[in-house]
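We name chains A, B, ... by the order of the sequence lines, and we start the count at 1 in each one.
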Amino acid sequence: MDNITSVIAENISYKVNDNKLFHNLSFSLNTGESLHIKGPNGSGKSTLLRIILGITNPTKGSISINSTKDKCYLGHKNALKNYLSLDDNILLMEFDNHPCLKKYIEILDLKRYLDVNVANLSYGQQKKLGLLRLFLNSSDLIILDEPFVGLDKETQIILTDFLTDQLKENKTLIYTSHIECDIDSKTLLLK
Amino acid sequence: MDNITSVIAENISYKVNDNKLFHNLSFSLNTGESLHIKGPNGSGKSTLLRIILGITNPTKGSISINSTKDKCYLGHKNALKNYLSLDDNILLMEFDNHPCLKKYIEILDLKRYLDVNVANLSYGQQKKLGLLRLFLNSSDLIILDEPFVGLDKETQIILTDFLTDQLKENKTLIYTSHIECDIDSKTLLLK
Amino acid sequence: MNELKLEYLKLKKKTRSWLGPILVFWLIMLAFPLTVEFMQDKLEIGFFSVLWIAILISMMLATEDIFIEDYNDGSLEQTIIKNTSFQFLISIRIIVYWLMIGVPISILSFIFSLGTSEDLLLSISVIPLSIISSYIFLNLFALGSALSLNKGSLLGALITMPLALPVLIVLGKSIIAFQLGINYLEFILLLLGCLSIIIIAVPIIVSFIIKAHLE
Amino acid sequence: MNELKLEYLKLKKKTRSWLGPILVFWLIMLAFPLTVEFMQDKLEIGFFSVLWIAILISMMLATEDIFIEDYNDGSLEQTIIKNTSFQFLISIRIIVYWLMIGVPISILSFIFSLGTSEDLLLSISVIPLSIISSYIFLNLFALGSALSLNKGSLLGALITMPLALPVLIVLGKSIIAFQLGINYLEFILLLLGCLSIIIIAVPIIVSFIIKAHLE
Amino acid sequence: MIKKFIHQFASPKTYLYQVNRFYPYIFYSSLVIYIISLIWGLFFTPEDFVQGNSYRIIYLHVPASFLSQSLYLAMAVASVTYLVWRVKLAAYLIIAIAPIGAMTTFIALISGSIWGIPTWGTWWQWDARITSTLILFIMYLGLISLHNSFSNFEKADKLTSWLVIIGAVNIPIIKKSVDWWSTLHQSASITLTEKPTIDVLMLYPLIGSIIGFLGLITCLVLTSSKYQILIREKTKSWIRDYV
Ligand code: HEM
Ligand SMILES: Nc1ncnc2c1ncn2[C@@H]1O[C@H](COP(=O)(O)OP(=O)(O)OP(=O)(O)O)[C@@H](O)[C@H]1O
Ligand SMILES: Nc1ncnc2c1ncn2[C@@H]1O[C@H](COP(=O)(O)OP(=O)(O)OP(=O)(O)O)[C@@H](O)[C@H]1O
Ligand SMILES: [Mg+2]
Ligand SMILES: [Mg+2]
């Protein structure tokens with residue numbers, strides 16, 4: 001396993017309206033490594049992830065990411081279209097021709113619901129559909145914001161196994177989760 | 001402790017578009033008792049809660065609830081107004097004069113954010129604000145759909161303790177949760 | 001009236017929802033004389049037609065998200081499981097919208113019509129018409145909005161359009177009646193009659209529709 | 001053009017979003033002659049004014065939730081972190097809206113104007129005007145919509161209104177120019193000029209605004 | 001008893017097999033009838049004394065107008081059946097008929113408008129019969145979108161049936177409008193009780209065209225109801241055998 005550095009954060013700080021979320025944070029991650037960002041509610045975990053993604057700019061410091069591929073991100077919001085059927089949503093994610101699509105639809109037990117509108121799916125089923133973006137990803141860097149929320153035990157295990165496999169394939173993983181999970185990872189504690 | 005029956009469900013069934021969610025379900029709960037509805041994603045837990053609340057009608061069967069007070073319900077959605085500050089949201093919930101308001105704002109660590117728009121709060125903070133409805137409730141029957149989602153460890157414990165106290169005060173509790181919690185309750189397994 | 005206050009609070013903070021329709025009304029009334037080179041005396045001909053249409057449109061805009069926001073964020077469920085009357089809350093909300101949007105627009109109507117026709121009596125006669133009609137339209141479009149809670153649905157537009165057209169016709173006729181000095185009051189009474197039916201019927205129907213949507 | 005297909009798919013399923021504005025356009029054009037007792041020949045006077053206003057309003061309605069839905073459901077974030085150009089996607093979306101709403105409305109404009117003026121040449125001259133103006137309006141209001149991503153904000157309306165009025169004036173003048181047989185083409189060229197600037201500028205500004213909102 | 005009978009007969013499965021059996025007969029015979037009456041009406045009847053040749057649009061207008069109402073009545077009957085006996089097939093029929101009803105009403109409106117230009121000098125008049133026909137058209141569209149706006153089919157069926165029944169008051173209004181209000185529009189020229197007020201030479205082809213049109217539209221309804229059954233029962237095992 002060649003350990004190439006894939007994410008380096010140097011002295012990043014962030015504050016909104018005099019609310020200092022974090023200060024002089026530095027870390028670096030190699031490929032194949034995973035980082036679990038921990039901290040109480042409102043400590044700035046999601047914000048840090050958005051900074052890593054480049055959506056938000058840090059007040060100070062810099063982030064560099066060693067990959068030209070698209071990042072794979074899943075946040076609190078699922079980025080699904082409520083008024084479209086499951087099928088159409090897969091089309092929108094441009095996964096309709098993905099070789100593994102069938103397999104994961106099967107695994108996640110969504111097959112029966114392909115023509116049901118997303119609005120009618122249960123909370124967990126919507127989350128599962130959102131997770132398709134992860135399961136079918138083709139990127140080096142995976143960033144997940146509370147991926148286990150709303151999933152039943154069985155799916156949580158499937159997800160953990162998948163992530164462990166991805167790490168073996170030398171991908172980099174950064175995630176937050178208030179739910180314990182068995183992924184071998186470094187920890188970053190905020191506040 | 002006088003055990004009065006507070007919820008009776010008789011032979012309820014529900015189906016949508018030939019998708020039979022549950023069939024001939026019966027249970028009864030006394031005051032001071034708690035029911036944990038379990039089941040995989042999409043098994044109809046949320047739907048069952050909505051049937052108990054009277055929002056959805058069961059296809060067959062009947063539910064009777066032995067209380068004239070408002071029910072206390074918290075679903076997957078927080079029923080908050082994004083564009084209003086925390087303060088205004090509390091006003092909308094009509095809790096602005098509640099004697100315990102201050103205490104819980106303190107406990108939930110929301111004090112600093114009273115004039116921040118809900119849209120800017122973190123996921124867990126929004127959930128906490130939604131939980132105010134529960135903490136300040138004045139009803140006999142408490143119905144919660146995955147209340148632990150997105151909360152940090154500390155808040156999860158606060159919530160568990162609160163619910164245990166409520167049960168001691170002879171309230172009835174019905175909830176679903178994929179996250180384990182230490183509430184002494186009956187179990188109903190769907191599917 | 002705590003409900004009234006709370007509804008007011010919510011609407012007030014959504015500047016776009018209440019000031020938006022008023023601005024659109026203003027835009028239309030302003031755009032009308034700009035787009036054609038009328039002589040001042042001819043302007044009056046199309047003016048009232050445009051005025052009624054502008055009221056119609058701004059009321060339609062005002063009601064666009066009158067229920068859908070509550071539907072999406074889960075507030076409707078909280079409202080329904082309460083013991084308070086749902087119909088009552090719907091009426092209250094419509095009244096608040098009317099006070100915050102309908103009434104200011106009626107005053108603007110008066111000003112614009114005074115500016116165009118320079119006939120004080122005629123302009124004053126516009127006030128009751130626009131006040132009543134804006135209330136009627138608000139109710140109608142609130143109904144339409146409830147019917148279209150589901151994004152894909154056109155039901156709202158289909159049902160409200162045929163109901164709105166007759167009101168427009170009556171409005172048009174009232175002005176002519178006023179100008180000819182006949183029947184003006186009868187038309188006002190007719191509108192009030194419609195209004196009184198609508199005020200009672202709409203909250204009932206809307207509450208029924210919303211409950212059906214939530215199920 | 002996979003992007004075009006996907007945008008089309010999304011809009012198509014939201015019947016209300018695309019058919020709604022068309023119906024409103026239709027409603028306004030239908031309401032206009034109903035509200036005033038015009039002679040057929042006088043009808044023409046106010047007609048074009050109402051036509052341009054109707055196009056303006058329906059384009060405004062069309063763009064109301066052109067970005068806000070993606071903003072609320074988290075799709076915008078997914079789009080931004082992709083390597084594909086965000087500006088390009090915005091242009092594509094506006095084009096799809098124009099094809100699904102602007103173009104049908106232009107055709108309706110032609111039909112209505114033929115029905116009113118019974119002058120075939122004049123009605124044909126309306127087509128390029130409405131096609132170009134609907135595209136301009138769509139771009140303008142898309143900008144407004146991006147500025148108002150935050151519900152409380154009126155910025156969008158305040159910025160787009162002053163920009164929309166000059167277009168309305170030019171539209172009004174073009175028709176008169178056509179009727180008098182002068183300068184019609186110059187006006188078309190003027191509009192095309194505006195359009196070409198707007199087509200390039202709006203996606204850039206909008207992508208910038210949206211990114212600022214997401215931060 | 002009745003209930004049992006209805007349920008047995010009206011199972012989607014039997015319905016589907018029966019439809020497949022009779023479909024070709026209905027289709028070809030009505031096609032022949034319609035074509036013959038059209039040819040007869042268009043080429044072998046004299047020019048109208050007042051209206052000249054334009055009256056010949058009657059062979060489209062009258063059947064379409066007639067069917068637009070009959071289809072609505074059929075929907076009303078199906079709605080009652082559904083609400084009273086809970087026959088699923090009836091619910092499928094309602095939603096199968098609605099688009100076709102909308103289509104025929106549209107044809108009636110368009111052909112009437114076209115006819116109006118030479119005879120009345122205007123293509124539209126806010127006259128009672130025309131207005132109520134327009135309302136019928138809007139009602140059809142409304143029913144379709146009502147059904148579409150609920151994802152729970154059962155609930156959609158129930159609400160739609162109620163609305164169909166409520167909306168049925170419009171039908172007598174259309175029928176009687178010409179008698180209640182004096183209007184531009186023709187009053188009925190063919191009734192069951194009185195002697196027709198129309199020339200016999202036009203009458204037979206007209207009746208023929210109505211029957212033929214009726215048959216053709218029935219075929220359309222059958223096809224669309226088949227399609228509806230395939231969608232709604234797609235989870236049932238017998239459908240898989242059928243397909
Ligand atoms: C848009 C305009 C029109 C509409 C909506 C319309 C609608 C109707 C309707 C609903 C019927 C009743 C069919 C029935 O009772 O079964 C009908 C019948 C008829 N219409 Fe029209 N019509 C229109 C224009 C015209 C025009 C312009 C004419 C000719 C001058 C015309 C001539 C007739 C005749 C002769 C009948 C047959 C009457 C009967 O035998 O019952 N209609 N039309
Ligand atoms: N405009 C603002 N004014 C004040 N505070 C703000 C503002 N915007 C955001 N914040 C604060 O910034 C923090 C953002 O936290 P973030 O969403 O990153 O938390 P988190 O660690 O992901 O929490 P959770 O576990 O609840 O998801 C919150 O504490 C929020 O209150
Ligand atoms: N229109 C519909 N067609 C088909 N299935 C539907 C329809 N509406 C709802 N359902 C199904 O009904 C079920 C509703 O489940 P519900 O939301 O009650 O699940 P849940 O047990 O709360 O799951 P979760 O743990 O994910 O919250 C889902 O399986 C959903 O797919
Ligand atoms: Mg977070
Ligand atoms: Mg659930």
Side-chain angles (χ1 to χ4, degrees), chain B residues 14-16 46-47 49-59 63 65 67-97 115 117-119 126-127 129-130 132-134 137-146, chain C residues 1-21 62 64-90 92-93 96-97 100-101 146 149-152 206-215:
Chain B
Y14 186 78
K15 73 169 207 258
V16 240
S46 302
T47 311
L49 292 187
R50 292 166 72 91
I51 289 176
I52 298 172
L53 284 167
I55 297 175
T56 307
N57 291 322
T59 318
I63 287 269
I65 287 169
S67 156
T68 53
K69 290 196 193 160
D70 283 347
K71 298 161 199 114
C72 170
Y73 169 63
L74 257 168
H76 291 296
K77 292 172 186 170
N78 289 323
L80 299 174
K81 296 289 162 203
N82 261 327
Y83 51 88
L84 292 182
S85 70
L86 222 147
D87 237 354
D88 288 339
N89 268 289
I90 291 175
L91 215 67
L92 282 188
M93 298 186 212
E94 305 189 50
F95 285 148
D96 42 322
N97 292 321
D115 53 358
N117 274 3
V118 167
Q126 292 184 14
K127 193 84 195 178
L129 184 56
L132 265 192
R133 257 181 237 275
L134 166 66
N137 85 82
S138 59
S139 52
D140 295 332
L141 178 58
I142 298 172
I143 295 179
L144 302 175
D145 204 353
E146 315 237 10
Chain C
M1 293 298 281
N2 200 25
E3 281 86 3
L4 210 71
K5 207 191 76 195
L6 295 181
E7 288 297 334
Y8 166 71
L9 174 74
K10 274 189 281 186
L11 185 54
K12 192 186 69 182
K13 284 288 167 76
K14 282 188 290 183
T15 328
R16 209 176 65 171
S17 292
W18 65 271
L19 203 47
E64 278 233 312
D65 59 354
I66 188 169
F67 300 121
I68 207 155
E69 175 196 302
D70 281 9
Y71 179 68
N72 286 335
D73 69 12
S75 306
L76 274 182
E77 274 132 356
Q78 296 291 347
T79 316
I80 280 186
I81 59 172
K82 273 198 192 138
N83 285 333
T84 37
S85 156
F86 190 36
Q87 271 126 274
F88 172 69
L89 284 175
I90 292 170
I92 291 285
R93 177 166 297 180
V96 169
Y97 270 66
M100 296 266 295
I101 309 172
L149 270 186
N150 178 319
K151 264 237 176 81
V206 166
S207 78
F208 178 77
I209 295 168
I210 289 182
K211 279 180 187 160
H213 267 285
L214 277 179
E215 205 170 287

(message) Test of understanding: with side chain to side chain donor-acceptor pair (under 3.5 Å), list the residues that count as partners of B:Asn89, not counting sequence neighbours.
(response) none
Portion of [X] that has a non-hydrogen atom of chain C nearer than 4.5 angstrom:
X        : value
B:Leu91  : both
B:Asn78  : backbone
B:Ser139 : neither

(message) Can you tell me how far apart OH (B:Tyr83) and CZ (C:Arg16) are? Round to the nearest 0.5 Å.
(response) 12.0 Å
(message) I'd like to know whether OH of C:Tyr8 has more than 12 heavy-atom contacts from other residues, nucleotides or ligands below 6.0 angstrom.
(response) no
(request) Please tell me if the side chains of B:Lys81 and C:Lys14 come closer than 4.5 Å, counting only heavy atoms from C-beta onward. (result) no
(request) Side-chain contact test, heavy atoms from C-beta onward, threshold under 4.5 Å: evaluate it for C:Leu6 versus B:Glu94 and give yes or no. (result) yes
(request) Could you list the residues that satisfy salt bridge (charged side-chain N to carboxylate O under 4.0 Å, His left out) with B:Lys69, not counting sequence neighbours? (result) B:Asp140
(message) Using heavy-atom distances under 4.5 Å, tell me whether C:Asp70 contacts chain B through its side chain, its backbone, both, or neither.
(response) both
(request) Check for a donor-acceptor pair, side chain of B:Asp70 on one end and backbone N or O of C:Lys82 on the other, with a separation under 3.5 Å. (result) no
(message) Can you list the residues of residues 73-81 of chain C that sit under 4.5 Å from chain B, counting heavy atoms only?
(response) C:Asp73, C:Gly74, C:Ser75, C:Glu77, C:Gln78, C:Ile81
Return a table of donor-acceptor pairs under 3.5 angstrom between the side chains of residues 208-215 of chain C and protein atoms on other chains or two or more places apart.
from, atom 1, to, atom 2, distance (Å)
C:Glu215, OE1, B:Asn57, ND2, 3.4

(request) Specify which of B:Asn82, B:Thr68, B:Ile55 makes the most heavy-atom pairs with chain C at under 4.5 Å. (result) B:Ile55
